[in-house]
Amino acid sequence: MEQYRNAAGCIVFKDDKILLLRRSINETSQHGLYELPGGKQEQGVSLFDTALTETKEESGLTVRMINKLEPHVDSNMKKIYHGFTAMVDGDEEVKLSDEHDEYKWVSIRDALNMPEPLSHHAEFLFRQIA
């Protein structure tokens, strides 16, 4: 899987809810899709640091990592999405980057059953902890 690109993100917990971000029209595709804060791994940056940095950039939240989940391998897009669980560290409020235009805190069960589109990476990771 050398030619696959890596990405990493966090399932951010606040009490019994998780954070979902909705892709804005500023993104190149999949506008309106709910996803986790995350992004592609840059050369020389660990997956752990990628997940932390992308979560901070996209949500404004400082999080404390809990554990790493089984990665989601997307053979069609030649991408491996590495997911981590994390907790909000303190009482910070979400501050979205221009990549997202809305957020919500929902239970994992509600996320898996919501009528809005959900990232297949998020769905795969949620099923590991549901």
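Just so it is clear, the structure is predicted and the values come from calculations on it, not from any experiment.
Ring planes of Tyr81 and His121: parallel class, angle under 30° (limits at 30 and 60°).
Note that CD of Glu102 and OG of Ser24 are 11.5 Å apart. Values are rounded to the nearest 0.5 Å. Between atom CG of residue Asp16 and atom CZ of residue Arg109 there is a gap of 10.5 Å, rounded to the nearest 0.5 Å.
Both Val88 and Leu21 belong to a common hydrophobic cluster when Ile, Leu, Val, Met, Phe, Trp and Tyr are linked at side-chain heavy-atom distances under 4.5 angstrom. At a threshold of 4.5 Å between side-chain heavy atoms, the hydrophobic network of Ile, Leu, Val, Met, Phe, Trp and Tyr places Ile108 and Val94 in two separate groups. Ile11 and Ile66 fall within a single hydrophobic cluster, where Ile, Leu, Val, Met, Phe, Trp and Tyr are joined by side-chain heavy atoms under 4.5 Å apart, directly or via other members. Leu125 and Tyr34 fall within the same hydrophobic cluster, defined by Ile, Leu, Val, Met, Phe, Trp and Tyr side-chain heavy atoms under 4.5 Å apart, directly or through other members. Each of Leu96 and Leu36 belongs to its own hydrophobic cluster when Ile, Leu, Val, Met, Phe, Trp and Tyr are linked at side-chain heavy-atom distances under 4.5 angstrom.
Salt bridge Glu92/Lys14: absent, no basic N to carboxylate O contact under 4.0 Å. Using a cut-off of 4.0 Å between Lys/Arg side-chain N and Asp/Glu carboxylate O, Glu35 and Arg23 are scored as salt-bridged.
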>> side-chain contact (heavy atoms from CB on, under 4.5 Å), that's the test. Do Thr85 and Phe13 meet it? Break it down for me.
In response: CA-CA 7 Å; Thr85 58; Phe13 283 90; 4.1 Å; yes
> Please walk me through it: do Thr62 and Lys56 pass side chain to side chain donor-acceptor pair (under 3.5 Å)?
Replying inline: CA-CA 6 Å; Thr62 302; Lys56 181 68 173 177; 3.1 Å; yes
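Counting all heavy atoms, side chain and backbone alike, Thr55 lies closest to Ala51 at OG1-O, 2.7 Å.
The number of heavy-atom neighbours closer than 6.0 Å to NZ of Lys40, taken from other residues, nucleotides and ligands shown, is 12 or below.
The closest side-chain heavy-atom distance from Met65 to Phe48 is below 4.5 Å.
Remark: Lys79 fails to qualify as a cation-pi partner of Tyr4 under the 6.0 Å distance and 45° angle criteria applied to the six-membered ring.
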